[in-house]
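Input: a single structure, listed below in structure tokens.
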Amino acid sequence: MEEAEQYRCRRIFLKSDGDPARQAQAACEALANLDGILLAAPHSNDSVHIVYSLEKLSFEIINDLLHELEFETESSLLIRVRDTIYCYLEDNARGDRPVDISEFVIDDDDESPAMPQPDDDKYWDDYH
């Protein structure tokens, strides 16, 4: 994956309650220190602009984290469709990344012990 393809730029819309500017700012402060977030800034009174690394985070994880921190995101039909499309595109982008299979290869020195085979006589003893 090229370097530019590793990053995603998204806007998250928050529900307005009380002081929306404070809510957007607090959400940015909560996201700013996460590993993988390059930028978290209020875009407007009720939205947050984020840039994040696709290798470390996903849009779905970020939304879930905001919900855990009790920030309410906008849930209109169009926003839910947009969020679903973002998640689908990110899943496809992750699936297209080449996988380094060397981490899965078992060295000859690291052979796992043979699986124990059931004793056929024991089966028949239990059966009688």
(Q) Would a single hydrophobic cluster contain both Ile61 and Leu69, if residues Ile, Leu, Val, Met, Phe, Trp and Tyr are joined by side-chain heavy-atom contacts under 4.5 Å? (A) yes
Q | Spacing of Leu38 atom CG and Cys9 atom SG [to the nearest 0.5 Å] | A | 10.5 Å
Q: Hey, could you give me the NZ/CD distance between Lys56 and Gln6, rounded to the nearest 0.5 Å?
A: 10.0 Å
Q. Could you give the distance from CG (Leu39) to CD1 (Ile50), rounded to the nearest 0.5 Å?
A. 9.0 Å
Q: Look only at the side chain of Arg8 and the backbone of Leu54, and say whether a donor-acceptor pair between them is shorter than 3.5 Å.
A: no
Q: Would you kindly confirm whether Leu78 and Ile12 end up in one hydrophobic cluster when ILVMFWY residues are joined by side chain heavy atoms under 4.5 Å apart?
A: no
Q | Straight-line distance of Arg11 CZ to Tyr86 OH, nearest 0.5 Å | A | 8.5 Å
Q.
For a quick test of reading the model, state the closest non-hydrogen atom pair linking Pro42 to Cys28 and the distance between them.
A. N-SG, 3.2 Å
Q) Knowing that exactly one of Phe59, Phe13, Tyr88 qualifies, which makes a side chain to side chain contact (heavy atoms under 4.5 Å, CB included) with Asp83? A) Phe59
Q.
I'd like to know if the side chain of Glu74 reaches the main chain of Ile79, judged simply by a donor and an acceptor atom lying under 3.5 Å from each other, with no hydrogens or angles considered.
A. no
Q) What distance do Leu65 atom CG and Ile62 atom CD1 have between them, rounded to the nearest 0.5 Å? A) 8.0 Å
Q.
Counting C-beta onward and ignoring hydrogens, is there a side-chain heavy-atom pair between Arg82 and Arg10 closer than 4.5 Å?
A. no
**Q.** Separation between CZ of Phe71 and CG of Leu14, rounded to the nearest 0.5 Å
**A.** 7.5 Å
Q) Is there a side-chain contact between Ile37 and Leu57, using heavy atoms and a 4.5 Å cut-off? A) yes
Q. Would Lys15 and Ser75 count as a side chain to side chain contact (heavy atoms under 4.5 Å, CB included) if you check the C-alpha gap in whole Å, the side-chain angles of each, and the deciding distance to 0.1 Å?
A. CA-CA 8 Å; Lys15 283 189 179 179; Ser75 60; 3.8 Å; yes
